[in-house]
Amino acid sequence: MLQVHQVSHSYGGSGWRKSKAAAGKVLDNVSFDLEPGCCLGLLGTSGAGKSTLGKIVLGLQKPASGQVTFEGFELYTKGRQGIRKVRRDLQAVFQDCYSAVNPLMTADHIIGEPLRNYERLSPAELKRRTGELLEQVGLAAEDGSKRPSQFSGGQLQRVNIARAIALKPKLIVLDEPISSLDMVHQTLILDLLSELKDSIGLSYLFITHDIQAVMTICDRVAVMDKGQIVYHTDSPSSLPSAEHEAVQRLVSAVLPQHPSLRTSWV
Amino acid sequence: MTSTHTLEVRGLQVRVNDGGKSLPLLKAIDLTIEKGQVLGLVGESGSGKSITCSAILQLLNRRGLEVEGSVRLNGRQLTKLPNREIRMIRGREIGTIMQNPMNAFTPVYTVGSQFVETLRTHSKLSKMQARAQAAASLAEVGLSEPARVMKSYPHQLSGGMLQRVMIAISMCLQPALVIADEPTTALDSVNQLQVLRQLDKLRTEYGTSILLVSHDLGVIARMADTVAVMKAGEIVEHADVHDLFDRPQHDYTRMLLQARLRGRKDA
C-alpha cells in the first residue's frame, strides 16, 4: 500500500543561516513498506527523524531524494498530480491536540471540514455524520456544539481522531498521539485506536518514543536513530531482548513498574 | 512553633468567587516533606496539583481567590510575608522546574546571561564568579559543552537540555525545596531518564527536598519516597510509595495503577 524508497532529507540553512547549515542529514536512505491493515511503529528518540518521515509520508514535505508511493501513485511528482489522487486517504493525528484545531470552531465544524471538502452533503446530512463520528470515538453527539477550550486534552484528541476517520482513509499517521495525555487517557486512546483499526480496516504509522505504547498497539516496529532505520522487527514484544545499541538505550530508559524494581543510576 | 519539616502545609484552602458563589479549588490540604525527601503528587488534570504548587510559592492572585491556611518552610511562615521577602525566597529557597522549559526562559537573552542574572540576584557573586559557577554546574548536570550552552539562546537547545539548565540553577542556589511540576512530560524517554537522574543527584548530594508533580506513575515509582494522590481539590490518599503500589486504598489510585498494568499485559 505504502512504499517508501531510499528517502533522504536534510534541513539546509537558507538566507542568513546558510553558513550555519551544519545540521546535516535528517533522513538518510530510509526505505520501508506498509501493507493494508498493519500498524507500523516508528520508534526513536527526539531528533531521530521520525516526524520528518511522517510529514514526507503525508505529502507535506518534499524529500531531497527518494520516492514515496501510496496506492500506486507517486506522491512527489511534477504538478503534484499523485498527491491529489490520494489526499483523502492519508490523514494525521498530532501530539499537540490544541494546536491541531482552530480554537474558534465548534467540534462539529472541525470534524465536518474534510466532509465539506470532499463530499457534497446537505447540512442536515452533515450534522448527522458528525454526530455519528463523535459517537464512534466515544463522545456524545451533543458535544458537537462545544469549542476546543471546553474539551479536556483527551477529549480533544478524540475529536482529532474523529476528523481523521471522517473520510474513511486508508492510512493515518499518528505522530505522538498520546504523549501529552495522562496515563489513564493514554490507555483509553490506545484502546480506541486499536478498536477503530479493526472496525474500519485502517493502517497506522505510529510515531512515538514510548516503547510500551509500541508494544501494546503495533504489529511491526522500525527503530530510528540518527536518520536511519537501524532495527526492524515483526514482533514488537521481542524488542527488550534486541541487541542493537539504539534499541537498548530506549529499553533501559523505561521506568520501573513498581518502586521495588528501582535500579541504581547508571 | 518550631518544626523540623522542610515544608509543612496545614489546612491550605483556595476558593474562587464566581458571581457571589464561592467555589472551592483546594479543600484544606495537609502536606509535609522532610529534608532530602521526594513527595510525589499525582492526580488527573484539574485536580488541583498546579494550584497547590502556586499556593506554596505564594503566586496566587489574592484579589480573585481566597487563600487560607499555613505554609511553612523550615518553620518560617510564608503566607503573611510581604512581596519583597517572598521574592527573595522564590529561587533562593524554593526552586522551580516547570513543565515547559521553553517558557521558563526569555527567548531574547542567552541561557548564560539568564543563569548569571539569577545567581547574582540571590548572592553577592561578581559576574566572573557567577559565570564560572554556572559553567561548573552545567558540567555537573551532564551538559558536555558548558561554554557553548552558556552562549546559546533557549531555542538552540533541546527541551531536555533546558530542563537540565533549570536543575543546574537549583544546584548553584541550593534551595531547601524544589517544586518540579511535570518536569519530564515534554521530554522523550531517554531525556526523561537523564533529567530524573540529575534531580535525584540534587536530592542526594545537596539534601534538597523535592515536590514532584507527575501523572506518570513510572516517574513516581522511580523517584518518590511518599506519594499524595489528589482528586477534585482534595488529597484522597497519602502513603509511602511502596504501600501505595502494593495496597492502594482509594478507587482513583487503583484506576491509575490499572491503567498501567493493562498496557503491560497487552504487550
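Order of the sequence lines sets the chain letters (A, B, ...), proteins ahead of strands, with each chain counted from 1. Side chains included, hydrogens not; waters and symmetry mates left out as well; all remaining heavy atoms used.
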The interface call for B/E182 against chain A, heavy-atom contacts under 4.5 Å, is neither
Turns out that what part of A/T208 lies under 4.5 Å from chain B's heavy atoms comes down to neither
One option among B/V42, B/T185, B/L193, B/L187 has the most heavy-atom pairs under 4.5 Å with chain A, and it is B/L193
Of the listed B/H242, B/R222, B/H215, the one with the largest count of heavy-atom pairs under 4.5 Å with chain A is B/R222
Assess, by modelled atom type and distance only, whether the side chains of B/E34 and B/H5 contain a donor and an acceptor separated by less than 3.5 Å.
yes
Cut-off 4.5 Å, heavy atoms of chain A, and the answer for B/L244 is neither
When the 4.5 angstrom heavy-atom criterion is applied to A/L190 and chain B, the contacting part is neither
Per-residue tally against chain B (heavy atom, under 4.5 Å) across A/S252, A/G153, A/P259 peaks at A/P259
Notebook entry, point to check: Do A/D175 and A/S51 meet the criterion of a side-chain donor-acceptor pair at a distance under 3.5 Å?
Noted result: yes
Exactly one candidate in A/V30, A/L27, A/D28 meets side chain to side chain contact (heavy atoms under 4.5 Å, CB included) with A/I229; the answer is A/V30
Output for pair (B/L256 CG, B/E44 CD), nearest 0.5 Å, gives 8.0 Å
Whether the side chain of B/T253 engages the backbone of B/Q249 through a donor-acceptor N/O pair (distance < 3.5 Å, no angle test) should be reported.
no
Hey, what's the ring geometry for B/F245 with A/H258, parallel, tilted or perpendicular (30° and 60° as the breaks)? perpendicular
When the 4.5 angstrom heavy-atom criterion is applied to B/N191 and chain A, the contacting part is side chain
Whatever's closer than 4.5 Å to a heavy atom in chain B on A/T45 counts as both
For the residue pair B/D181 / B/S50, report whether a side-chain donor-acceptor contact shorter than 3.5 Å exists.
yes
